Participant: 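Mind having a look at this structure? Questions to follow.
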Amino acid sequence: MINKETIVNKNNKFVVGWREVATLPDLGIDDIHVKIDTGARSSCLHTFKIEEFTQNDELWVKFWLHPINNNTDIEQVCMAKVADKRIVRNSGGDEQLRYFIVSTIDFNGQRWPIEISLTSRDNMAFRMLLGRTSMHGRIIVDPEASYLIQSKEK
């Protein structure tokens, strides 16, 4: 495996494979497997239940997810302020109204805020997809590689 010090290029972009492991510390999500998808405009996170609520006159969501691929026994509950609600066209061409939140993503110490839509990814291999707007100016994707980023040691 390559550590983060060896994969930063001259433009301060770092190389990732087409799949990686990241954390979403603002949401308390550790070691989520992420598909890096330059074909997708926005990032999304698997949720199987979403509830709206108001806090300090702002719209928030409470949402449930299965953070581990192929494991529906483990559930995690998260809460976040809603940044936006908008229509997203999925890879099958279907349109869906989705909640968008902002959260920090962390690839072994490389951190920045990203916008994430919440949707069911039950039929998908990865619980999270990182779209190109979240990569802009930060990431170069090597489509032949996987898991270049080492997980943080616990």
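Since the model is a prediction, treat every value here as computed from it, not as a measurement.
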Participant: State which residues pass side-chain contact (heavy atoms from CB on, under 4.5 Å) with S120; sequence neighbours excluded, sorted by chain then number.
Facilitator: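 S120 satisfies side-chain contact (heavy atoms from CB on, under 4.5 Å) with H46, D122 once adjacent residues are dropped.
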Participant: In the hydrophobic clustering that connects Ile, Leu, Val, Met, Phe, Trp and Tyr at side-chain heavy-atom distances below 4.5 Å, which members other than V102 occupy its cluster, ordered by chain and number?
Facilitator: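 Traced through the cluster, V102 reaches no other member.
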Participant: Is the closest side-chain heavy-atom distance between I105 and L24 below 4.5 Å?
Facilitator: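 The answer is yes; the side chains approach within 4.5 Å.
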Participant: In Å, rounded to the nearest 0.5 Å, how long is the span from OG1 of T119 to CZ of F48?
Facilitator: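 Reported value, rounded in 0.5 Å steps: 13.5 Å.
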Participant: Give, for atom CZ of F53 and atom CH2 of W60, the distance between the pair rounded to the nearest 0.5 Å.
Facilitator: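 It is 6.0 Å, given to the nearest 0.5 Å.
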Participant: Tell me, do V21 and I32 make a side-chain contact under 4.5 Å, heavy atoms counted?
Facilitator: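 No - every pair of side-chain heavy atoms lies 4.5 Å or more apart.
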Participant: If you look at every heavy atom in D30 and T23, which pair is closest and at what distance?
Facilitator: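 Closest approach of D30 to T23, heavy atoms only: CA-CG2, 3.9 Å.
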Participant: Is any side-chain heavy atom of L45 closer than 4.5 Å to a side-chain heavy atom of I116?
Facilitator: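 Answer yes - side chains close enough.
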Participant: Backbone N or O of H66 within a donor-acceptor pair of the R127 side chain at under 3.5 Å?
Facilitator: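 Such a contact is found between R127 side chain and H66 backbone.
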Participant: Can you tell me how far the CG atom of L27 sits from the CG atom of L65, to the nearest 0.5 Å?
Facilitator: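 One gets 8.5 Å once the value is rounded to the nearest 0.5 Å.
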Participant: Kindly write out the residues that satisfy side-chain contact (heavy atoms from CB on, under 4.5 Å) with R19, not counting sequence neighbours, or none if the list is empty.
Facilitator: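 Per chain and number, R19 pairs via side-chain contact (heavy atoms from CB on, under 4.5 Å) with F126, S146, Y147.
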Participant: Between E20 and I149 (side chain of the first, backbone of the second, donor and acceptor by atom type, cut-off under 3.5 Å), is there such a pair?
Facilitator: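 Yes, because the side chain of E20 sits within donor-acceptor range (under 3.5 Å) of the backbone of I149.
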Participant: Other residues, nucleotides and ligands only: do more than 12 of their heavy atoms fall within 6.0 Å of CG on N71?
Facilitator: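 Counting neighbours around CG of N71, more than 12 heavy atoms of other residues, nucleotides or ligands fall under 6.0 Å, so yes.
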Participant: Partners of E144 by salt bridge (charged side-chain N to carboxylate O under 4.0 Å, His left out), sequence neighbours excluded?
Facilitator: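 Partners of E144 by the salt bridge (charged side-chain N to carboxylate O under 4.0 Å, His left out) criterion come out as none, since no residue qualifies.
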Participant: Ignoring hydrogens and geometry, is there a side-chain-to-backbone donor-acceptor pair from Q76 to G28 under 3.5 Å?
Facilitator: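 Yes, because the side chain of Q76 sits within donor-acceptor range (under 3.5 Å) of the backbone of G28.
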Participant: Pairing donors with acceptors under 3.5 angstrom, does anything connect the side chains of S43 and S134?
Facilitator: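 Yes.
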Participant: Testing the basics here: between P25 and R111, what is the closest heavy-atom pair and its distance to 0.1 Å?
Facilitator: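 Minimum heavy-atom separation between P25 and R111: CG-NH2, 3.2 Å.
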Participant: Evaluate the criterion side chain to side chain contact (heavy atoms under 4.5 Å, CB included) for residue pair D142 and V16; output intermediate values, then yes/no.
Facilitator: CA-CA 6 Å; D142 180 346; V16 298; over 6 Å; no
Participant: Quick one: closest heavy-atom pair of G17 and L148, and the distance?
Facilitator: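 Closest pair (atom of G17, atom of L148, distance): N-CD1, 3.8 Å.
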Participant: Calculate, to the nearest 0.5 Å, the distance between atoms CD1 and OG belonging to I29 and S103 respectively.
Facilitator: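 Here the interatomic distance stands at 7.0 Å.
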Participant: Is there a side-chain contact between S42 and F100, using heavy atoms and a 4.5 Å cut-off?
Facilitator: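 Answer yes - side chains close enough.
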Participant: Measuring from L59:CG to Y99:OH, what's the distance to the nearest 0.5 Å?
Facilitator: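 Between L59 CG and Y99 OH, I get 6.5 Å after rounding to 0.5 Å.
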Participant: Specify the closest pair of heavy atoms between R98 and C44, including all atoms of both residues, with the distance to one decimal.
Facilitator: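 Scanning both residues, the minimum pair turns out to be NH1-CB, 3.9 Å.
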Participant: Can you list everything that forms a salt bridge (charged side-chain N to carboxylate O under 4.0 Å, His left out) with D26? Sequence neighbours excluded, please.
Facilitator: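 With neighbours one apart ignored, the set is empty.
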Participant: Under 4.5 Å between any side-chain heavy atoms of L130 and I114, yes or no?
Facilitator: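 They are in side-chain contact.
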Participant: For residues 44-61, pull every pair meeting salt bridge (charged side-chain N to carboxylate O under 4.0 Å, His left out), keeping only residues two or more places apart or in separate chains.
Facilitator: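 Non-adjacent pairs meeting salt bridge (charged side-chain N to carboxylate O under 4.0 Å, His left out): K49-E51, E52-K85, E58-K81.
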Participant: Taking the side chain as everything from C-beta on, heavy atoms only, tell me whether V88 gets closer than 4.5 Å to E95.
Facilitator: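 With C-beta onward as the side chain, the pair stays apart.
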Participant: Answer yes or no: is there an ion pair linking E115 with R41, defined by an N-O contact shorter than 4.0 Å?
Facilitator: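 Looking at R41 together with E115, the answer is no, because their closest N to O distance does not fall below 4.0 Å.
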Participant: With heavy-atom distances below 4.5 Å as the criterion, would you say the side chains of I139 and W112 are in contact?
Facilitator: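 I139 vs W112: side chains touch.
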Participant: How many angstroms lie between CG in D37 and CG in L129, if you round to the nearest 0.5 Å?
Facilitator: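 Between atom CG of D37 and atom CG of L129 there are 4.5 Å.
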Participant: So which atom in W18 and which in P143 form the shortest heavy-atom distance, rounded to 0.1 Å?
Facilitator: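 Looking at all heavy atoms of both residues, the closest pair is CD1-O, 3.6 Å.
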